[in-house]
Amino acid sequence: GLAWTQAGGELLFVEATLIGGKGELIVTGQLGDVMQESARAAVSFARANLDRFGIKESIFDNVDIHIHVPAGAIPKDGPSAGTAMATALISVLTNTPVRNDIAMTGEITLRGRVLPIGGLKEKALGALRAGIKTLIIPEKNEKDLVEIPKNIKRKIKFIPVKDMQAVIANAMDGKPGKRGARSAKKHKN
């Protein structure tokens, strides 16, 4: 994921794991209320779409979901990590790895729509500093690409998406689930 800070954009690592339990959600990493809501929305989206990803509903009978955003000493908040949280969760549920050269930003709805975010320019700069080559962004932020310097657009491929199916199709190493995800619209710079 990506975060906007007063010092500029930074990578925001999001981890998810399943542990023995009864279907509870555990969220750690000193997350603010809005970011905790994003984690709950990510879980609700994943649970509502288990069949789409080839996951049996009974999986939640014996496991808890733990979502962690490292750097626990640093407070974090905002909705834009929703896509990263949902992707991490679907990755662990389907045992499908997420590409390590990609970052993403975007708020998600319960139905999996990807909503626009702020600070795209700063987040893109942070991604570039971290060596990211591909950045998944909300389709409604495509208009903000005019603010991104051309030298950054030459080094980062921006992929505008409107839903989590497109995020998953572009972020995962392989396709999770029974049905293939719709492909996202590619943005060439």
Check: What pair of heavy atoms forms the shortest contact from Leu11 to Ala103, and how long is it?
Finding: CD2-CB, 4.2 Å
Next item on the list: Step by step, work out the side-chain contact (heavy atoms from CB on, under 4.5 Å) result for Ile137 and Ile159.
Entry: CA-CA 6 Å; Ile137 65 169; Ile159 302 176; over 6 Å; no
Check: Is there a side-chain contact between Ile168 and Ile90, using heavy atoms and a 4.5 Å cut-off?
Finding: yes
Item checked: Ala84 to Gly1 - nearest heavy-atom pair and separation -> CB-CA, 3.8 Å
Next item on the list: Could you list who else is in Ile19's hydrophobic cluster, with ILVMFWY side chains joined at under 4.5 Å, directly or through other members?
Entry: Ile26
Margin query: Between Pro97 and Met172, is there a side-chain heavy-atom distance shorter than 4.5 Å?
Written below: no
Note to self: Please determine whether the number of non-hydrogen atoms from other residues, nucleotides or ligands lying under 6.0 Å from atom NZ of Lys143 exceeds 12.
What the structure shows: yes
Checklist line | Shortest non-hydrogen separation from Phe53 to Asn49 and the atoms involved | finding: CD1-O, 3.2 Å
Next item on the list: Apply salt bridge (charged side-chain N to carboxylate O under 4.0 Å, His left out) to Asp33 and list each qualifying residue two or more places apart in sequence or on a separate chain.
Entry: none
Notebook entry, point to check: Who passes side chain to side chain donor-acceptor pair (under 3.5 Å) against Thr28, sequence neighbours left out?
Noted result: His66, His68
Next item on the list: Sequence neighbours left out, what pairs pass salt bridge (charged side-chain N to carboxylate O under 4.0 Å, His left out) with at least one residue falling in residues 86-115?
Entry: Arg99-Asp101
Next item on the list: Only one of Ile136, Ile132, Leu12, Leu135 passes side-chain contact (heavy atoms from CB on, under 4.5 Å) with Leu2; say which it is.
Entry: Leu135
Check: Checking Lys76 side chain against Ala3 main chain: does a donor-acceptor pair fall under 3.5 Å?
Finding: no
Item checked: Residue pair Leu93 / Ala46: nearest heavy atoms and the distance that separates them -> CD1-CB, 4.2 Å
Checklist line | Full working for side-chain contact (heavy atoms from CB on, under 4.5 Å) between Leu50 and Phe60 | finding: CA-CA 11 Å; Leu50 293 175; Phe60 294 108; 3.7 Å; yes
Next item on the list: Mind checking side chain to side chain donor-acceptor pair (under 3.5 Å) for Ser80 and listing every partner two or more places apart, or none if nothing turns up?
Entry: Lys123
Note to self: Any non-hydrogen side-chain atom of Trp4 less than 4.5 Å from a side-chain atom of Thr105?
What the structure shows: no
Margin query: With side-chain contact (heavy atoms from CB on, under 4.5 Å) as the criterion, how do Glu10 and Glu122 come out once you've worked through the C-alpha distance, each side chain's angles and the decisive distance to 0.1 Å?
Written below: CA-CA 8 Å; Glu10 293 182 18; Glu122 292 80 8; over 6 Å; no
Next item on the list: Under the side-chain contact (heavy atoms from CB on, under 4.5 Å) rule, collect the residues that match up with Ser44, sequence neighbours excluded.
Entry: Leu110
Margin query: Please give the remaining members of the hydrophobic cluster of Leu115, linking ILVMFWY side chains under 4.5 Å, ordered by chain and number.
Written below: none
Check: Quick one: are Val161 and Pro138 in side-chain contact, heavy atoms under 4.5 Å?
Finding: no
Note to self: Restricting to side-chain contact (heavy atoms from CB on, under 4.5 Å), what partner residues turn up for Asp77, sequence neighbours left out?
What the structure shows: Val34, Met35
Next item on the list: Verify side-chain contact (heavy atoms from CB on, under 4.5 Å) between Val167 and Lys162, making sure each step is shown before the conclusion.
Entry: CA-CA 8 Å; Val167 173; Lys162 64 175 154 181; over 6 Å; no
Checklist line | Distance, nearest 0.5 Å, that separates CD of Glu15 from CG of Leu89 | finding: 13.5 Å
Next item on the list: Output all residues satisfying salt bridge (charged side-chain N to carboxylate O under 4.0 Å, His left out) with Arg40, sequence neighbours left out; order by chain, then residue number.
Entry: none
Check: What pair of heavy atoms forms the shortest contact from Asp64 to Gly20, and how long is it?
Finding: OD2-O, 3.9 Å
Next item on the list: Tell me, please, which residues at least two apart from Leu128 pass side-chain contact (heavy atoms from CB on, under 4.5 Å).
Entry: Ile152, Lys155, Ile156
Notebook entry, point to check: Minimum heavy-atom separation for Arg129 to Gly8, with atom names?
Noted result: NH2-C, 4.5 Å
Check: Excluding sequence neighbours, so at least two apart, what forms side-chain contact (heavy atoms from CB on, under 4.5 Å) with Asn100?
Finding: none
Checklist line | Between OG1 on residue Thr94 and CZ on residue Arg52, distance to nearest 0.5 Å | finding: 13.5 Å
Next item on the list: Any chance you could measure Met104, atom CE, to Thr134, atom OG1, to the nearest 0.5 Å?
Entry: 10.5 Å
Next item on the list: Using side chain to side chain donor-acceptor pair (under 3.5 Å) as the criterion, list what pairs up with Thr83, not counting sequence neighbours.
Entry: none
Notebook entry, point to check: Below 4.5 Å, heavy atoms only, C-beta onward: do Leu145 and Leu120 meet side chain to side chain?
Noted result: yes
Checklist line | Heavy-atom side-chain proximity of Glu139 to Val114 below 4.5 angstrom | finding: no
Notebook entry, point to check: Name the one of Val98, Val14, Ile102 that satisfies side-chain contact (heavy atoms from CB on, under 4.5 Å) with Thr87?
Noted result: Val98
